[in-house]
Amino acid sequence: MQTEKIRNFCIIAHIDHGKSTLADRMLEYTGTITDRKMQEQVLDKMDLERERGITIKAQAVTIEHQGFELNLIDTPGHVDFAYEVSRSLAACEGALLVIDAAQGVEAQTMANIYLALEHDLEIIPVINKIDLPSANPQRVKEQLLDIGIDPDEAILASAKEGTNIDQILEAIIERVPAPHNGENKALRALVFDTLYDSYQGVIAYVRVMEGSVKKGDKILLMSNQKSYEVDEVGFFSPAMQKKDELSSGEVGYIISGIKDVRNCRVGDTITLKNNPAKKALPGYQKVQPMVFSGLYPTDNADYEVLKEALEKLQLNDASFTFEPETSEALGFGFRCGFLGLLHMEVIQERLEREYDLDLVITAPSVEYQIIKKNGEQLRIENPAAFPEQSEIDKIKEPFVTAEIHLPEEYVGQAMELCQDNRGEFKDMQYIDQDRVTLKYEMPLSEIITDFFNQLKSKTRGYATLDYELEGYKESKLVKLDILVNKEVVDALSTIVHDENSYQQGNALVRRLKEVIPRHMFKVPIQAAVGGKIIARVNIPAMRKNVLQKCYGGDVSRKRKLLEKQKEGKKRMKQVGSVEIPQEAFMTVLERDENA
Amino acid sequence: MPDLSFKQANALYIHFPFCSSKCPYCDFYSVKYSKKRVDLYWFALFMELEELSQKVDNNLLQTIYFGGGTPSLVPTFYIKEMIKLIRKRFRVTPTAEITAEVNPASINEEKIVALKRAGINRLSVGIQSFNDHHLSFLGRESSGEKNKKILNLVNNYFNNYSADLIFALPNQTLNELKKDLETLLSFKPPHISLYNLEIHENTPFYKRYNRGELKLPAEELDAEMYEFALEQLTAADYQHYEISNFAQRAYRARHNYIYWLFEPYLALGPGAAAFDGSCRSENIADLNHYLKYYNPEKLSFKEIIENNQLLDSVKKFNPNPEIKIRNLNCLSKKEQMAEYSFLALRTSAGIFYHQFYRKFDLEFKLVYKDEIKELKSSKLIKEGNERIYLTEKGKELANEVFLKFLLD
């Protein structure tokens, strides 16, 4: 296809503003997908994605409309995957900015607008859900004006009802610039996503910037200089469709027998071995995990199963890392790295569901930089691996800038919450007369421990959060240890700020008391810092546990109850002589309302 | 339709699913009392009895138990006829224990006498408490005074009877239990059943409990109350022969004992459970369903009896094989061993090794070698002469003990 007739665009939106529905509607309208094949939100392949209503992997589809080739690249919709989003944007020239007519501009809308502007994309505002009774397109237009987008360019639509889809398509053709013509140049194709297939290997989703690629070509991945032979190229309809050649301006896939997804990373540039480009496309970054968690099989016998499962998951997810780890309390497991909490939750659910694994998951933590008194520098993600307090000179932790969008009436509470979580006020701006953007600099460790849930509850669900890593700063941090029945349970250790240690120690032991069942003996639970006990509760010994009535009809029911109890016990982790339920290890994550 | 196969069953349970009002803690099946429905129901019962007697040849019954619901609401005419027919269809030992549950709220002297005349030789009186406040909480329509009056009357006419007491009620103090126990003991009932309040699914208490409106006393108080009661009852010469049951010599509940011995028993009525030694059955707990199957013609028991048509109606009885009247559940050997073990441990006698061997062809000491060792060292069981039994502590933590006998 000639480049003048190609349009590459993506859809960016805050969660639930209707991005996927709009994509579906466009596919339907243009006949790209027939009714029969329509499954709600076709592009969200993974069950989990569909269930949670979010997009995790980018998907691409080529739409033919009025002689033009419109390539839609669906982008991941969550802050955890910011890098993937940016690479998808780099593959486009335009972006449909979808805004819910009732909700208006929200945190992620803004975050995505900045990204789109950074990538020089032509933004086409679409005010969606105009069918809703609470829709207020006028207000949204005013918000657009405030952020420097021409409200007259906005198209009012309803993806649900199919209103004005044609206008959107026309706007794409008219306003999104055609990709620049790089026909006779050396091949440079941007990898904006990958998919692992057990037969074909890694499928690279690419946008060809310059040159062309076809079957039989020997390609070179510029970040690692590895080369492969192309088995197949094609486009997405959205199913994969073979093609002879992919050329400048086009979006499609390349299959070339790459076995390891880490060898074909998002953001990398594909060129030809025999005629390599001089420079790789800009923006490539090796993604770093930000949040770490210990994953342990409840039943030690499942270790190999867990290992295999993690290996399989990694095939499709280059940003997910894992390393073997041992815990005194939990046995053999893995320390896993995720891009964020959502990424972690998604992986957790997949492990439990697809591989039927019973897991103990320790509270997520960040990576700390420790400078010991002897000058040694360490990077530690597992609190249990911290050196003795007496050996530590300085501890540095990652900080982020958190951007919160919320209605004005909750600003006081949100500010209090940020301050309670060691946030430093940076800025406050009004988006419009009711809504405010708050900027706080906060430790990442505070964000990943329940901050978002607390924020939501204090703002009746109206607040949205976006954050970006700033760098490492020194903090007065200490390791808070938990002793169960006088023994330190390493998997329950956390890193807290010195000033909060007493409060958090108390809150933690009290929560553990609720979660750990009574035993045949009294179980003391203590919190300690540097060996000094700072909080203590006791779980009294079991006194009475008997079904007093047991007659004819009760017997089977009784046996089943006992069987259930026995099953429950199996799922607990035996730590010394105490049985600790899986939930206990996550307890450190929760915050007391009062803490 | 699959069914139980009885070789011998020495106990028969008959369910009476009618109450004048539903107590909020009870999860036994019952509907509102109505004379007409009882009449229809009784005919249905008779048909099931006939059906049952065909399946069990020449059976010898040692106990018959009318449970409910509130059996004392039944006009004694019905009870009399039922006992008569049972004696016709089964062999009943002359010393058979024939029990009826009674609710003090709906009974009087006349009824007590009538029951005796009808053939009942043991009553189980649902006292629960003598404290008006607690009685009202439990939805019992009687008062402390009435309860005492009834016990007096029962005492006069029956040698063998039992009284129920519930403890560990929300906000109940140890003192209140003391009083209840004292009052009860003043009557010297031959048998006492003592239960802590249990919250069962599908009861009004369950909903309230989940909403946080009902708070049960802490484990510690529950245990204290139980221990106190045990002390008092033992001092008053009652044998603590089962976790919740106390009897003076020769007055143990023989019907219930059959449950704890893991022996077969027969049952009639919706929701009633039977056991043939390896399989359990439960009649579907729905009166309409039961009537549809056993009394599709809606015949009146009274009329049938008065017109001498019983034999005819039996001949005409042709149940619809499409209707499922009961659920069957056959136990694997492991499940049988588990049930046998925890039922036997409920009794003070415990598990006798030779009886276990006779039943399962396995050495109990070998099968549960590790468990016995563990439980002995945690002082939950004691080993006696070729048997094990629960210690006092073991009785209070019985569930922890029972868990060990479940085999994977």
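Residue numbers begin at 1 in each chain, while the letters A, B, ... track the order of the sequences. For the numbers below, each heavy atom of this structure counts, side chains included, while hydrogens, waters and symmetry mates do not.
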I'd like to verify something: which residue of [options] has the highest number of heavy-atom pairs under 4.5 Å with chain A?
options                                : value
B:Lys404, B:Glu282, B:Arg346           : B:Arg346
B:Glu224, B:Glu242, B:Glu400, B:Lys393 : B:Glu400
B:Val401, B:Leu397, B:Leu380, B:Ile258 : B:Leu397

**Study point:** Residue of the set A:Gln565, A:Lys544, A:Lys558 for which side chain to side chain donor-acceptor pair (under 3.5 Å) holds with B:Asn399
**Key:**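 The option that passes is A:Lys558.
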Compare all side-chain heavy atoms of [X] with those of [Y] and state whether any distance is below 4.5 angstrom.
X        : Y        : result
B:Glu339 : A:Ser556 : yes
B:Glu219 : A:Asn545 : no
B:Asp222 : A:Arg543 : no

Below 4.5 Å from any heavy atom of chain A, which atoms of [X] appear? Answer side chain, backbone, both or neither.
X        : result
B:Phe342 : side chain
B:Tyr257 : neither
B:Lys395 : backbone
B:Leu194 : backbone
B:Glu227 : side chain
B:Tyr226 : side chain

Check your understanding: What class does the angle between the rings of B:Tyr195 and A:Tyr551 fall in, given that below 30° is parallel, 30 to 60° is tilted and above 60° is perpendicular?
Key ->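 If you compare the ring of B:Tyr195 with that of A:Tyr551, the planes turn out perpendicular.
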Exercise for review: To the nearest 0.5 angstrom, please state how far the CG atom of B:Leu403 sits from the NZ atom of A:Lys564.
Suggested key: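 Result: 13.0 Å between the selected atoms.
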